[in-house]
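Here the structure comes first, spelled out in structure tokens, and everything after it is commentary.
All figures in this text were calculated on a predicted structure; none of them were measured in a lab. First the proteins, then the strands, lettered A, B, ... as listed; each starts at 1.
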Amino acid sequence: MKAAKAIPKSWFRSSATVALARELIGHTLCRRMPDGRIRRLPITETEAYDGPEDLACHAHTNRRTKRTEVMFARGGLTYVYLCYGVHWLLNIVTGPENYPAAVLIRGAGPHDGPGKLTKALAITGDQNRQPLSRANGLWLERPADLPNERDILATPRIGIDYAGPHWSQVPYRFVIRVKPKV
DNA sequence: GGAGTGATGACA
DNA sequence: GTCATCACTCCA
């Protein structure tokens with residue numbers, strides 16, 4: 001069996017956030033649960049939030065606040081925030097320093113939906129602003145086999161109609177196509 | 001189709 | 001201090 005490779009931090013510092021969101025599909029999201037057990041789940045759904053011009057990005061127009069500050073950091077940190085007062089959403093900060101961008105992890109393994117994923121993995125605000133690392137209990141691995149390009153679909157992002165006709169429609173959401181049985 | 005839920009950011 | 005706004009999920 002081929003060992004999974006850890007992903008170098010430099011990989012997340014690329015400014016090509018949208019390409020990273022696509023590449024993350026099929027990578028393995030790894031989590032050490034509070035009870036010490038380790039879960040490894042293939043990422044099935046992501047969304048890119050890319051830079052000051054992206055009106056759907058929390059840090060659009062370079063809005064730098066206590067919450068969005070982490071998006072301006074170099075890639076490789078987590079950005080976890082509470083949505084609708086109910087759900088924690090897990091993002092991975094991308095890009096070089098001072099470029100606000102992140103990839104939202106919307107689904108992995110059997111868990112579809114960003115809120116359900118964090119619940120299943122016991123991810124909360126405690127995991128915000130942490131470098132992805134095994135020591136921190138949350139990291140990524142590159143599996144031996146990645147999905148075929150043909151099996152990754154690009155669609156508009158979810159729940160961001162407020163971002164206007166352009167930014168609410170750009171195909172920044174990536175989802176693995178479930179292969180139909182033949 | 002509609003409510004719940006509470007941090008966040010804008011405004012005063 | 002107040003208030004409107006949400007990168008969602010569940011139940012009817």
Regarding Arg177(A) and Asn148(A), do their side chains bring together a donor and an acceptor under 3.5 Å, going by distance alone? no
Same cluster (ILVMFWY, side-chain, under 4.5 Å), Tyr172(A) and Ile176(A): yes
Of all heavy-atom pairs between Arg67(A) and His58(A), which one has the smallest distance, and what is that distance? NH1-CE1, 3.7 Å
Answer whether the closest heavy-atom distance between the side chains of Ser14(A) and Leu20(A) falls below 4.5 Å. yes
Please confirm whether the backbone N or O of His166(A) pairs with a side-chain atom of Gln169(A), one donor and one acceptor, at under 3.5 Å? no
For Ile160(A), which contact category applies under a 4.0 Å heavy-atom criterion: base, sugar-phosphate, or nothing? sugar-phosphate
Near DNA chain C, under 4.0 Å by heavy atom, which residues of residues 85-101 of chain A? His87(A), Leu89(A), Asn91(A)
Hey, does the side chain of Ser133(A) reach the backbone of Asn136(A) with a donor-acceptor pair shorter than 3.5 angstrom? yes
Which residues, ordered by chain and number, are linked to Phe72(A) in its hydrophobic cluster, where ILVMFWY side chains connect at heavy-atom gaps below 4.5 Å, directly or through other members? none
Can a donor-acceptor pair be found, under 3.5 Å and without considering hydrogens, that links the side chain of Arg106(A) to the backbone of Ile43(A)? no
Identify the heavy atoms of Met71(A) and Ala102(A) that sit nearest to each other, and give their distance. CE-CB, 3.7 Å
Contact check, side chains of Arg40(A) and Ile38(A), non-hydrogen atoms, under 4.5 Å: yes
Please report the shortest heavy-atom distance between Ser15(A) and Asp50(A), naming the atom on each side. O-OD1, 4.3 Å
Quick check on the hydrophobic clustering: are Tyr84(A) and Leu89(A) connected, directly or via other members, by side-chain heavy-atom contacts under 4.5 Å? no
Got a sec? Which of residues 58-72 of chain A come in under 4.0 Å of DNA chain C, heavy atoms? His58(A), Met71(A)
Please find the earliest and latest nucleotides of DNA chain C, in the 5' to 3' direction, that have an atom within less than 4.0 Å of any heavy atom of chain A. dC6(C) to dC10(C)
Is there a donor-acceptor pair under 3.5 Å between the side chain of Thr17(A) and the backbone N or O of Thr94(A)? no
Does anything in residues 11-31 of chain A come within less than 4.0 Å of DNA chain C? Heavy atoms only, and list the residues if so. none
Can you see which heavy atom on His60(A) is nearest to which on Asp54(A), and at what distance? CB-O, 3.1 Å
How is Gly125(A) classified with respect to the nucleic acid when contacts are heavy atoms under 4.0 Å: base, sugar-phosphate, or nothing? nothing
Out of Asp126(A), Leu121(A), Val80(A), which residue meets the side chain to side chain contact (heavy atoms under 4.5 Å, CB included) rule with Trp88(A)? Val80(A)
Would you write out the dot-bracket form of DNA chain C, 5' to 3', with Watson-Crick and G-U pairs under 3.5 Å, [ ] for crossing pairs, | for pairs to other strands and . for unpaired bases? ||||||.||||.
